Trainee: 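Dropping the structure in here first, questions after.
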Amino acid sequence: MSEYDHKKIEKKWQEAWAKNEIYKTADKSSKPKYYILDMFPYPSGSGLHVGHPKGYIASDILSRFYRMSGFNVLHPMGWDAFGLPAENYALKTKTHPKVSTDKNVQVFKKQIGIIGLDYDWGREINTTDPEYYKWTQWIFLKLFEKGLAYESNEPINWCPSCKTGLANEDLENGKCERCGSDIEKKPMRQWVLKIREYADRLLNDIDQLDWPESIKELQKNWIGRSEGAQISFKIKDGQDKIDVFTTRVDTLLGATYVVLSPEHPLVAKLSAQAKNKNEIEKYVRAAANKTDAERLIENKDKTGVKIDGVLAINPSNDEAIPVFIADYVLAQYGTGAVMAVPAHDLRDFDFAKKYSIPIKKVIAPAGEKQNNEECFVEDGVLINSGQFTGLSSSEARKKITKFCGGKLTTNYKLRDWVFSRQRYWGEPIPIIHCQKCGVAPVPEKDLPVLLPEVASYEPTGTGESPLAGIDEWVNTTCPKCGGKAKRETNTMPQWAGSSWYYLRYIDPKNAKALVDEKKEKYWSPVDMYIGGAEHATRHLIYARFWHKFLKDIGVVSYDEPFKKLQHVGLINGEDGRKMGKRWGNVVNPDDIVATYGADTLRLFEMFLGPFDKSANWNTAGIIGPRRFLERVWKMSGVVTKETGEENARIESLYHATLKKVGNDIRTLNFNTAISEMMIFVNKVEEIGKISKTIYMEFLQILAPFAPHMTEELWHQLGQKKSIHLSDWPKYDEKKIVSELKKIAVQVNGRVRGEIKLEQNCDGKITQKMVLEMPEIQKWVPDGKFKKFIYIEGKIINIVVN
RNA sequence: GCCGGGAUGGCGGAAUUGGUAGACGCACACGACUCAAAAUCGUGUAUCCUCUGGGUGUGAGGGUUCGAGUCCCUCUCCCGGCACCA
């Protein structure tokens, strides 16, 4: 028998599979469909490390398993190729980003190619391809048409280093997620998408998703719905009123001051009448100059300034209370103003203590008549609240809201999506600005608006992208009046192309529509989506938003794009740190494939531990899966025709293995599936022979994990068709339970012996049998016991004392 | 601070969802083969003791149960997310 030569075998079959197009997906089929999707990569210049393919290997195993199980499988791959790194590389080297990304794509493709993944490359997509981004622009036009895309001049997050505006989702602790710079607030003209209009649907539909609980929670918190009331405080001796949002109207009688955010529109007007006008101006200016990061650092020590001479009337008891300006109140949330109840809110409590504002307790813990805590933030019973005293918090909320003429409102933490970037390497926003007609959308027939060549990729920093410098591109005619007009020079964010790409795979070459209606109905939704957890509050929210919008305009037929989602746990370096250039702990999959083979790499990555948990790379351990494969290879030398008693034992174990492997693949418990197959191989080695039928079926269940080696052995056994197009074997429950079953015998909960019973004697065990066992007699010498517990097929426990 | 997840041998991890804890793999030790080494094969490997037996043991403490890694309460530590959201 020949040696297991992984290099020869893997090359041979990768070429054969490509030549015969065995992974080509049929558009029409009588089979049920299974759409399995990987989060497509950004093709970075540094290539892959061993952590990247982990998710791809898993999706590959699933797709092979479902194909063999009789499904029409869609398993595509593509490139999310717009983005800053390519643009920054262009800045440095003057290479057009298209050139460098195309090169990177080739490297990526080669690297994942040698792992033996079964993608249907006929459906490859690239977000920077004009035929692709034509439809990204088309979706923008539709959003604009429906009033969901608008221009805004509100202050937005500005990264001074990347020289572009950013969405809320692009920040990390008040810093730019990309470069780590402190973010400034800058008023700028921006295109914004009204994702908030979808907040309720995005939130409510989370419950119907088969996603990890953690991600669902993350999204719920990100959307952050809170129900409360809007209450008006009239200004004493004035016309104005301050509207506040609160979730705790029940504490209204304990409100001892009102706070406006420094950006609140009433600040200028009210401070004009104030005695300390200059002080206020100074405070407001200082707050405006603080970055979010600075505000965050200073958040422990709250600051503010009183509008001296202005009082607000508490509508619940007509008390006149002071008005403050403080930057602990956020302008963007609620009404930008709050009522402060220091006795029942920690932030107000801190502030009130610092500025010696009265603290009035109005809630006592339920069941108590008094509140002994300095600051009690939970619901309870109202005290010191006049006619409302004695009510529970929840009753009081209704009654007080009604009494004060407040209205019930809902607020969200989710902000509208700042959608324009002042950078080059992105989809041009298909809008034309006409002096006469104002904002005019580019007509659909003129799509795509091509991204032009520029001489310099340098961001201008002025709020315009480098595109603004290309006169012949910027200057155009207005599609409405035909007069002189200019193109929008902002581009779309990185996240645009990935918000709908899963639809393009369904119908990648369609020039007439985003996706064919029939094909969409057949393939949607994605049955299994595999990718990293870092996309929880960006890609996965944006894509759900666009999908719901596309549903509303009739392009798609389901509410949610991704029915089931699974996380890939990271693979860290051998040192436990994140794998990357920074720590010099990168392991290149090419090297592992060269030394041990793709099949070994695949097996090893899946064997490392639970799929969704992060794990440390450990080159020493890779020898285990390699040895396993070599044993399987050698097993072909002990294949026999005879069916003796030994074969029956193997058959029984084989059916148990078959059952477990199938179940484990479905639930992505690849590590235990592999261990089960190892147990099987150990057993066969011990017995020393295996029938051809069982060996071949075993190769089939191993095939999704080790596609090359199993294909080779399959053909060596005389098969002509690919193992990957064969039918997944069916297990026989009857065969699994043919062996003797062992049951532990405990005395007082401690294992003292073991009893074997034949399954076919109805599992009958008599107390006499057990008590006569010598190892049991030792513990129950006189045969007396309090209780005899027998859980059928599981355990016996004799309670003596 | 809030939300979510976790803690099991030297290491990665398993445990039929309340029923023999440590499967499988790595590493290590000894043995076989070999002039030798590697590879391969075999045996062993939670820990302690007075060792053909027995005690202890799943982050700590308590509880429920005939029986707890698994359920309940309290606490410690680690990872991820959010963070003045009124």
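Small disclaimer: the values here were computed from a predicted structure and weren't measured. Chain A is the first sequence line, chain B the second, and so forth, proteins listed ahead of strands; every chain is numbered from 1.
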Trainee: OP1 or OP2 of B:A86 versus the side-chain N and O atoms of A:Y333: is any pair under 4.0 Å?
Mentor: yes
Trainee: Could you list the residues that satisfy side-chain contact (heavy atoms from CB on, under 4.5 Å) with A:D348, not counting sequence neighbours?
Mentor: A:Y257, A:Y328, A:A340, A:P342, A:D345
Trainee: For every nucleotide of nucleotides 8-18 of chain B, 5' to 3': is a protein heavy atom under 4.0 Å from its base (B), only from its sugar-phosphate (S), or from neither (-)?
Mentor: ----BSS----
Trainee: Between protein and nucleotides 63-66 of chain B, what N or O pairs are separated by less than 3.5 Å?
Mentor:
{"residue": "B:C66", "atom": "O2'", "partner": "A:N797", "partner atom": "ND2", "Å": "3.2"}
{"residue": "B:C66", "atom": "O2", "partner": "A:N797", "partner atom": "ND2", "Å": "2.6"}

Trainee: Looking at residues at least two apart in the chain, or sitting in another chain, which of them share a side-chain contact (heavy atoms from CB on, under 4.5 Å) with A:C375?
Mentor: A:L346, A:F349, A:V377
Trainee: Under the ring pair (Phe, Tyr, Trp, His ring centres under 6.0 Å) rule, collect the residues that match up with A:Y198, sequence neighbours excluded.
Mentor: A:F545
Trainee: Holding to side chain to side chain donor-acceptor pair (under 3.5 Å), I want the full list of residues that pass it with A:E169, two or more places apart in sequence or in another chain.
Mentor: A:W222, A:Y542
Trainee: Does RNA chain B take part in any stems of at least 3 consecutive Watson-Crick or G-U pairs (both distances under 3.5 Å), and if so, which ones?
Mentor: B:1-7 with B:76-82, B:10-12 with B:24-26, B:27-32 with B:40-45, B:46-49 with B:53-56, B:59-63 with B:71-75
Trainee: For B:C28, does the glycosidic angle fall within 90° of 0 (syn) or outside that (anti)?
Mentor: anti
Trainee: Determine which pairs satisfy side chain to side chain donor-acceptor pair (under 3.5 Å) with at least one residue from residues 609-618 of chain A, sequence neighbours left out, and list them in order.
Mentor: A:W617-A:T619
Trainee: Who pairs with A:N221 by side chain to side chain donor-acceptor pair (under 3.5 Å), at least two apart in sequence or on another chain?
Mentor: none
Trainee: Checking A:H539 now: which residues fulfil side chain to side chain donor-acceptor pair (under 3.5 Å) with it, not counting sequence neighbours?
Mentor: A:Y529
Trainee: Please list each protein N or O that sits under 3.5 Å from an N or O in nucleotides 46-53 of chain B, with the distance.
Mentor:
{"residue": "B:G53", "atom": "O3'", "partner": "A:K778", "partner atom": "NZ", "Å": "3.1"}

Trainee: Which residues satisfy the salt bridge (charged side-chain N to carboxylate O under 4.0 Å, His left out) test with A:R631, sequence neighbours excluded?
Mentor: A:E685
